[in-house]
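Proteins come first, then strands; the chains are lettered A, B, ... in the order of their sequence lines, and each starts at number 1.
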Protein chains: 2
Amino acid sequence: MSDHPLQSKSVENFLKAVYALQEGDDRVATNTLSDVLNKTAPSVTDMAQRLESAGLVDYQKYRGVVLTEAGREIALKVIRRHRLIELYLVRELGYQLHEVHGEAEDLEHAVSDRFVEAIAKKLGDPVIDPHGDPIPSADGTLLYRHLMPLSELEPGRGGVIAQLKTSDPEMLQHMLDRGFPLQGRVEVIARDPFQGPTMALVNGIQRVVGYHVAECILIETSP
Amino acid sequence: MSDHPLQSKSVENFLKAVYALQEGDDRVATNTLSDVLNKTAPSVTDMAQRLESAGLVDYQKYRGVVLTEAGREIALKVIRRHRLIELYLVRELGYQLHEVHGEAEDLEHAVSDRFVEAIAKKLGDPVIDPHGDPIPSADGTLLYRHLMPLSELEPGRGGVIAQLKTSDPEMLQHMLDRGFPLQGRVEVIARDPFQGPTMALVNGIQRVVGYHVAECILIETSP
DNA sequence: CGGTAGTGTTCGCTCATTCTAACATAAGAA
DNA sequence: TTCTTATGTTAGAATGAGCGAACACTACCG
Ligand SMILES: [Mn+2]
Ligand SMILES: [Mn+2]
Ligand SMILES: [Mn+2]
Ligand SMILES: [Mn+2]
């Protein structure tokens with residue numbers, strides 16, 4: 001427990017990464033963060049210690065990190081910014097889907113609350129960003145949906161493409177190239193074994209996509 | 001002469017400040033920069049030396065600093081960003097005039113070229129920002145206008161309010177409160193001596209404003 | 001239980017930014 | 001011209017952010 005004001009690009013990115021990796025209550029390993037953030041392990045340990053003493057994470061030597069409530073609040077705020085900015089870029093400034101993540105990754109650390117709420121209002125307080133991720137509300141609430149990876153849908157089952165879960169512009173582009181747009185109606189026809197490709201009908205057209213990509217195409221299933 | 005990539009908020013703000021203070025060829029004193037940037041003198045000297053060795057300014061011990069061509073290019077680019085952002089905030093996001101400077105001061109360091117050109121296009125490639133400052137074009141050209149401070153206009157003379165030359169939100173608010181909006185048609189009626197107030201007709205209504213504020217209200221004069 | 005492979009931390013450095021205190025120079029007054 | 005004051009620079013230190021090399025734990029295998 002400390003006071004330190006502590007805020008910066010590095011800190012915000014760190015907290016966001018912890019939030020994203022920390023499913024449930026699991027502690028996040030420093031080396032995992034090292035990979036995700038593209039920083040060396042010593043840098044991550046160092047940041048973990050600084051944020052621990054700032055009260056934003058609970059860090060325990062050799063057993064990783066979890067967000068405190070204060071840390072979680074900041075993470076959600078940054079994620080809200082990120083996703084609203086992405087949507088704004090697509091809707092108001094003509095960005096392509098694959099262009100927005102990089103830009104938002106920087107802008108999220110520079111815009112004021114005033115700015116965020118102005119674009120939120122202009123966009124009509126949206127709840128989903130252009131990749132299909134939920135946008136946290138100003139008070140930190142997230143829309144919950146139970147989504148299944150396309151890679152796990154049995155042949156015969158289907159639904160709507162609800163999320164393209166990647167921030168890699170190349171993969172995103174690939175998904176669209178292969179004919180899997182957000183909101184598309186999809187029905188699985190078949191899947192090869194050994195992590196083979198999935199064949200599916202998307203909006204009535206037959207499409208094929210590899211296993212690892214299909215893992216990142218999330219479906220809101222219908223009976 | 002060096003290579004260093006060197007780019008950052010501090011550097012960009014420094015170059016912008018030098019640009020603004022450097023009328024003609026005059027060297028800018030480190031202490032002047034110290035005031036404007038709200039940094040101590042040693043910090044400024046230090047930055048001057050680092051930018052000298054990066055080839056962005058010409059710094060001479062005890063005689064201040066001038067931009068090199070490379071430095072000027074960066075300064076103009078940052079100013080373009082700043083002013084386009086200000087205009088965008090007013091036109092598209094409903095900001096008040098006095099709110100935009102602070103926001104732009106941060107955003108100018110975070111937005112990409114892609115972003116700047118997107119908003120420039122959306123705004124119709126404007127040449128004047130919401131304070132009346134000229135917006136440098138992408139290739140660094142500035143609209144030139146010969147403007148006179150209201151404080152120097154003889155009684156009987158007049159013109160159009162072309163620029164409110166302050167970044168202080170309070171002063172800006174004050175100018176508008178006193179009835180001196182951009183584009184207003186103004187005619188000087190009288191002025192008290194000893195740096196006294198100026199009386200003027202603005203859009204037909206009689207107004208009064210103090211000397212120091214009148215110095216910052218720039219007029220495009222008519223015969 | 002003991003040993004090793006893999007994980008995670010410390011140590012010691014570097015750079016950018018900023019500050020305070022101490023020192024140096026330049027410019028104008030006498 | 002010499003002295004004083006105002007202006008400007010160095011010295012020394014701190015903080016945040018990162019890195020590579022060396023060291024320390026854990027966990028799992030036999
Ligand atoms: Mn994103
Ligand atoms: Mn970011
Ligand atoms: Mn401004
Ligand atoms: Mn700035």
Side-chain angles (χ1 to χ4, degrees), chain A residues 2-18 21-22 26-67 70-71 74-75 78 105-106 108-110, chain B residues 2-18 21-22 26-66 70-71 74 78 105-106 108-110:
Chain A
S2 185
D3 48 339
H4 305 281
L6 202 38
Q7 199 81 343
S8 79
K9 192 160 162 154
S10 305
V11 169
E12 292 184 341
N13 285 338
F14 187 98
L15 294 173
K16 228 179 31 155
V18 175
L21 294 170
Q22 160 194 323
D26 313 358
R27 307 192 73 89
V28 179
T30 48
N31 278 347
T32 310
L33 286 163
S34 165
D35 281 356
V36 169
L37 295 169
N38 265 295
K39 298 285 139 64
T40 61
S43 304
V44 171
T45 298
D46 190 73
M47 179 66 84
Q49 290 167 344
R50 278 186 290 132
L51 295 196
E52 156 81 21
S53 83
L56 300 179
V57 303
D58 167 3
Y59 163 66
Q60 282 166 39
K61 228 180 173 182
Y62 292 109
R63 49 200 61 248
V65 112
V66 220
L67 295 179
I74 295 178
V78 178
E105 201 54 63
D106 281 341
E108 66 189 1
H109 312 293
Chain B
S2 186
D3 48 340
H4 305 281
L6 203 35
Q7 200 82 340
S8 79
K9 192 160 162 157
S10 306
V11 169
E12 292 184 342
N13 285 338
F14 187 98
L15 295 173
K16 229 180 29 159
V18 176
L21 293 170
Q22 161 193 323
D26 313 358
R27 305 191 75 88
V28 179
T30 48
N31 279 344
T32 309
L33 286 163
S34 165
D35 282 354
V36 169
L37 294 169
N38 265 294
K39 298 283 142 61
T40 60
S43 303
V44 171
T45 297
D46 190 74
M47 180 64 85
Q49 290 167 344
R50 276 186 292 131
L51 296 195
E52 156 81 20
S53 85
L56 299 179
V57 302
D58 168 2
Y59 163 67
Q60 283 167 37
K61 227 183 173 180
Y62 292 108
R63 48 199 63 248
V65 111
V66 218
I74 295 178
V78 179
E105 201 55 62
D106 281 340
E108 66 188 2
H109 313 292

Within the pair [X] and [N], is there a side-chain N or O less than 4.0 Å away from OP1 or OP2?
| X | N | answer |
| --- | --- | --- |
| A/Arg50 | D/dA17 | yes |
| B/Gln49 | D/dT10 | yes |
| B/Ser10 | C/dA16 | no |

How close or far is atom [atom2] of [N] from atom [atom1] of [X], stated in whole angstroms?
| X | N | atom1 | atom2 | answer |
| --- | --- | --- | --- | --- |
| A/Lys9 | D/dA17 | NZ | P | 12 Å |
| A/Met47 | C/dT9 | CE | P | 15 Å |
| B/Gln60 | D/dG8 | CD | P | 14 Å |
| B/Glu12 | C/dA16 | CD | C1' | 15 Å |
| B/Tyr59 | D/dT10 | OH | P | 6 Å |
| A/Leu56 | D/dG16 | CG | P | 13 Å |

Legend entry - Test side chain to side chain contact (heavy atoms under 4.5 Å, CB included) applied to B/Ala110 - qualifying residues, sequence neighbours left out: A/Leu107, A/Ala110
Legend entry - Nearest heavy atoms of B/Val66 and B/Asp26, plus distance in Å: CG1-O, 4.3 Å
Legend entry - Residues in salt bridge (Lys or Arg N to Asp or Glu O under 4.0 Å) contact with B/Lys9, at least two apart in sequence or another chain: B/Asp106
Write down the protein N/O and nucleotide N/O pairs, taken from nucleotides 24-27 of chain D, whose separation is under 3.5 Å; answer none if there are no such pairs.
{"unit_1": "D/dC25", "atom_1": "O4'", "unit_2": "A/Tyr62", "atom_2": "OH", "d": "3.2"}

Inset, instruction - May I ask you to say what A/Phe14 touches in the nucleic acid, namely base, sugar-phosphate or nothing, with a heavy-atom cut-off under 4.0 Å? - result: nothing
Inset, instruction - Would you classify A/Asp46 as touching base, sugar-phosphate or nothing, given that sugar-phosphate means primed atoms plus P, OP1 and OP2, and contacts are heavy atoms under 4.0 Å? - result: nothing
Legend entry - Sequence neighbours excluded - salt bridge (Lys or Arg N to Asp or Glu O under 4.0 Å) pairs with any residue from residues 34-51 of chain A: A/Asp46-A/Arg50
Only counting residues at least two apart or in another chain, list the ones meeting side-chain hydrogen bond (donor to acceptor under 3.5 Å, both in side chains) with [X].
| X | value |
| --- | --- |
| A/Gln22 | none |
| A/Glu105 | A/Lys16, A/His101 |
| B/Thr45 | none |
| A/Thr40 | A/Ser43 |

Inset, instruction - Would you indicate whether the side-chain heavy atoms of A/Leu33 and A/Phe14 approach each other to under 4.5 Å? - result: yes
Inset, instruction - Using heavy atoms and a sub-4.0 Å distance, could you list which residues of residues 27-43 of chain A are near DNA chain C? By number, please. - result: A/Ala29, A/Thr30, A/Asn31, A/Ala41, A/Pro42
